[in-house]
K.L.:
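Take a look at this one; I'll ask things after.
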Amino acid sequence: MARTAPDAPRPTAAVVLDDAVRALAPDFAANRLVSQIEAGAAPRSVFATFALEQHQVIAADRLSFQHLARRADGDPPVADFFDLLAQGETRALKQLAGLADACELTERQIADYRPRPGCQAYPSYAARLALGGEPADVAIALTANFAAWGGYCATVAAAMRDHYGFPEAARGFFALFAEPAPAVEEQAREAVQHGLDTGQAQPATAHRYGRLLQAYELMFWHSVAE
């Protein structure tokens, strides 16, 4: 009598997220601008451009996260994750004010700024995912991207202090993302675990999303340097 093979154990959210972070990690050297900032070789003007572009990115990403939360209304762990991200964007905008002040940007300059297409590709794709991506898969892709983004921010924050003499208030935006975020990490695990348990999460699809997010992330930094 033939034996039935036991079902393979399902991966946990922690395993899926760790795998995504590892598989989608970009080559740090590929980010030319961050490497230049780390060496103190980038012009100071890139920080003003960064601040101006981030005003646009933050506003767009907050709307995307809010929409993902609404789409996941029937899946509370997933909705809670995106609600938390949307709240984080509000905090980030407040921290960005310190950088804008240090760069002597006026409200009129911020309001009249014409964003660069390459800098806005990331939030545009995030909005596309917000409209049609499975929220649990988007959570996996974003977690991988946040790992890279956090590393960039840590490098930039240190260089701003060591090479550019920016005050603490100006570095606050980068410091916010450079620091560990246990609440976000825990909520991500809960969201992805729910997605795995309900069959909504498809890691292969999430990796496809994540690869594009990482590419658009690099495009953002390179476009800031143009």
Side-chain angles (χ1 to χ4, degrees), residues 21 26 28 31-66 81-113 115-116 118-120 122-123 126 142-188 213-214 216-226:
V21 170
F28 191 87
N31 192 324
R32 298 187 298 273
L33 178 56
V34 170
S35 295
Q36 290 170 356
I37 291 173
E38 183 179 26
R44 195 179 181 88
S45 60
V46 300
F47 296 101
T49 301
F50 180 96
L52 289 165
E53 293 290 346
Q54 276 296 322
H55 272 89
Q56 306 286 329
V57 173
I58 290 171
D61 283 352
R62 181 166 53 191
L63 287 174
S64 293
F65 297 152
Q66 289 171 341
F81 171 70
F82 288 109
D83 276 333
L84 190 60
L85 294 189
Q87 294 167 22
E89 294 300 309
T90 299
R91 291 194 298 274
L93 186 60
K94 292 179 180 178
Q95 292 291 344
L96 190 63
L99 179 59
D101 289 344
C103 294
E104 299 182 343
L105 295 174
T106 66
E107 292 185 5
R108 174 58 65 86
Q109 286 176 304
I110 294 171
D112 292 348
Y113 180 70
R116 301 176 181 184
C119 290
Q120 300 305 313
Y122 180 103
L142 285 171
T143 298
N145 175 245
F146 291 163
W149 166 253
Y152 296 148
C153 287
T155 298
V156 171
M160 290 175 73
R161 179 194 63 229
D162 298 340
H163 297 302
Y164 296 91
F166 276 103
E168 183 177 356
R171 305 193 306 268
F173 174 87
F174 297 98
L176 175 66
F177 291 105
E179 298 172 353
V184 174
E185 294 169 3
E186 176 62 26
Q187 201 64 61
L213 283 175
Q214 300 290 50
Y216 291 136
E217 174 80 41
L218 282 176
M219 187 182 294
F220 169 84
W221 291 96
H222 293 164
S223 296
V224 166
E226 290 178 355

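Numbers here are sequence positions counted from 1. Bear in mind the structure is a predicted one, so any value in this text is a computation, not a measurement. All values below were derived from every heavy atom in this structure, side-chain atoms included, with hydrogens, water molecules and symmetry-related copies excluded.
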K.L.:
Do Asn145 and Tyr216 touch side chain to side chain, with heavy atoms closer than 4.5 Å?
P.N.:
no
K.L.:
Would the distance check show the side chain of Arg32 and the main-chain N or O of His222 forming a donor-acceptor pair, the cut-off being under 3.5 Å?
P.N.:
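Side chain of Arg32 to backbone of His222, a donor-acceptor pair under 3.5 Å: no, none is there.
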K.L.:
Are any of the side-chain heavy atoms of Thr90 and Gln87 separated by less than 4.5 Å?
P.N.:
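Thr90 vs Gln87: side chains apart.
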K.L.:
Can you see which heavy atom on Pro123 is nearest to which on Ala60, and at what distance?
P.N.:
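For Pro123 versus Ala60, the nearest heavy atoms are CB-CB, 3.8 Å.
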K.L.:
More than 12 foreign heavy atoms under 6.0 Å from CZ of Arg44: is that the case here?
P.N.:
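More than 12 heavy atoms, drawn from other residues, nucleotides or ligands, come within 6.0 Å of this atom.
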K.L.:
How about Gln54 and Leu99: do any of their side-chain heavy atoms sit closer than 4.5 Å?
P.N.:
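A side-chain contact under 4.5 Å is absent here.
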K.L.:
Verify the neighbour count for atom CD of Glu168: are there more than 12 heavy atoms of other residues, nucleotides or ligands below 6.0 Å?
P.N.:
no
K.L.:
With Phe177, which residues qualify under ring pair (Phe, Tyr, Trp, His ring centres under 6.0 Å), at least two apart?
P.N.:
Trp149, Phe173
K.L.:
Can you tell if the side chain of Thr155 reaches within under 4.5 Å of the side chain of Ile37, non-hydrogen atoms only?
P.N.:
no
K.L.:
Might you point out which heavy atoms bring Ala102 and Ala170 nearest each other, and give the distance in Å?
P.N.:
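Scanning both residues completely, I find the closest heavy atoms to be CB-CB, 3.6 Å.
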K.L.:
Please confirm whether the backbone N or O of Glu89 pairs with a side-chain atom of Arg62, one donor and one acceptor, at under 3.5 Å?
P.N.:
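Not confirmed, Arg62 side chain does not pair with Glu89 backbone.
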K.L.:
Can you confirm whether or not the ring centre of Tyr152 sits under 6.0 Å from the ring centre of Phe28?
P.N.:
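That pair passes the under 6.0 Å test.
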K.L.:
Not counting sequence neighbours, which residues clear ring pair (Phe, Tyr, Trp, His ring centres under 6.0 Å) with Phe47? List them please.
P.N.:
Tyr164, Phe166
K.L.:
Without swapping roles, check the side chain of Arg91 against the backbone of Leu176 for a donor-acceptor pair under 3.5 Å.
P.N.:
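Here the side-chain-to-backbone pair does not exist.
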K.L.:
Search all heavy atoms of Ala157 against all heavy atoms of Ala175 and return the closest pair with its distance.
P.N.:
CB-N, 4.4 Å
K.L.:
If the condition is side chain to side chain donor-acceptor pair (under 3.5 Å), which residues does Tyr113 pass it with, not counting sequence neighbours?
P.N.:
Glu53
K.L.:
Where do Cys103 and Ala48 come nearest, in terms of heavy atoms and distance?
P.N.:
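Reported closest heavy-atom pair: SG-N, 3.6 Å.
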K.L.:
Which class fits the ring pair Phe174 and Phe50: parallel under 30°, tilted 30 to 60°, perpendicular over 60°?
P.N.:
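Phe174 vs Phe50 ring planes: tilted.
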